[in-house]
Amino acid sequence: MASSTGFSLNFSPLSTSFKHNQVPHHGISNVNLLSLPSLRIRPGPMRLRVSCAAKPETVDKVCSIVRKQLALPEDSSVTGESKFSALGADSLDTVEIVMGLEEEFGISVEEESAQSIVTVQDAADLIEKLVEKKDA
């Protein structure tokens, strides 16, 4: 039985040409790999990170709200990569953080979306998406 640890995606400038390659992959022989210059799939650790890169001021505002909701010292290290759980937040704290974000930004976060928020960056990206949607 074959198994795979995952794939990583790399994007490069678009081109009109492509080629078809066969490459070995973690014990699986002759894996067919379609290589587009603009999209390459390579064997590697399973890791998917999609980031909308929210504005720095949005991330800073979310950091401030998280500090306030969790009663963290002003000089505590809270960044976009900070996970709520690593900052000591439990599920109730996370709900209160989301409520604070809704109030501050004048948005409404659906329960499904709220459950997908793990980091400060996740929250900031979601906020910008919802604000943009609201203003459209």
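All residue numbers refer to positions in the sequence shown, counting from 1.
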So CD of Gln121 and OG1 of Thr79: to nearest 0.5 Å the spacing works out to 9.0 Å
Decide yes or no for Phe84 and Val66: does some side-chain heavy atom of the first lie under 4.5 Å from some side-chain heavy atom of the second? yes
Worksheet entry | Lys61 to Phe105 six-membered ring, cation-pi geometry met (6.0 Å, 45°) | yes
Separation between NZ (Lys83) and OG1 (Thr119), nearest 0.5 Å, reads 8.5 Å
Tightest non-hydrogen contact, residues Ala89 and Asp93, listed as CA-OD2, 3.5 Å
May I ask you to check whether over 12 heavy atoms, not counting those of Glu57, lie within 6.0 Å of atom CD? yes
Inset, instruction - Might you confirm whether atom NZ of Lys68 has over 12 heavy atoms from other residues, nucleotides or ligands at distances under 6.0 Å? - result: no
Using atom types as modelled and distance alone, determine if a side-chain donor or acceptor of Lys129 lies under 3.5 Å from a backbone N or O of Ala124. no
Heavy atoms of Leu72 and Ser76 approach each other most closely as CB-OG, 3.5 Å
Contact check, side chains of Ile117 and Thr94, non-hydrogen atoms, under 4.5 Å: no
Here the pair of heavy atoms bringing Ser77 nearest to Leu87 is O-CD2, 4.2 Å
(request) Report the C-alpha separation of Leu130 and Val109 in whole Å, then their side-chain angles, then the decisive distance to 0.1 Å, and conclude whether the side-chain contact (heavy atoms from CB on, under 4.5 Å) test is met. (result) CA-CA 8 Å; Leu130 293 173; Val109 178; 3.8 Å; yes
Leu126 and Ser113 have their tightest heavy-atom pair at CD2-CB, 3.8 Å
dist Ser108:OG -> Lys134:NZ (nearest 0.5 Å) comes out at 10.5 Å
Value for CD1 (Ile127) from CD (Glu132), rounded to nearest 0.5 Å, stands at 13.5 Å
- Task: Give the C-alpha distance, both sets of side-chain angles, the deciding distance and a yes or no for side-chain contact (heavy atoms from CB on, under 4.5 Å) between Val120 and Glu81.
- Result: CA-CA 6 Å; Val120 170; Glu81 292 78 33; over 6 Å; no
Between Ile97 and Ile65 the two heavy atoms that sit nearest each other are O-CG2, 4.3 Å
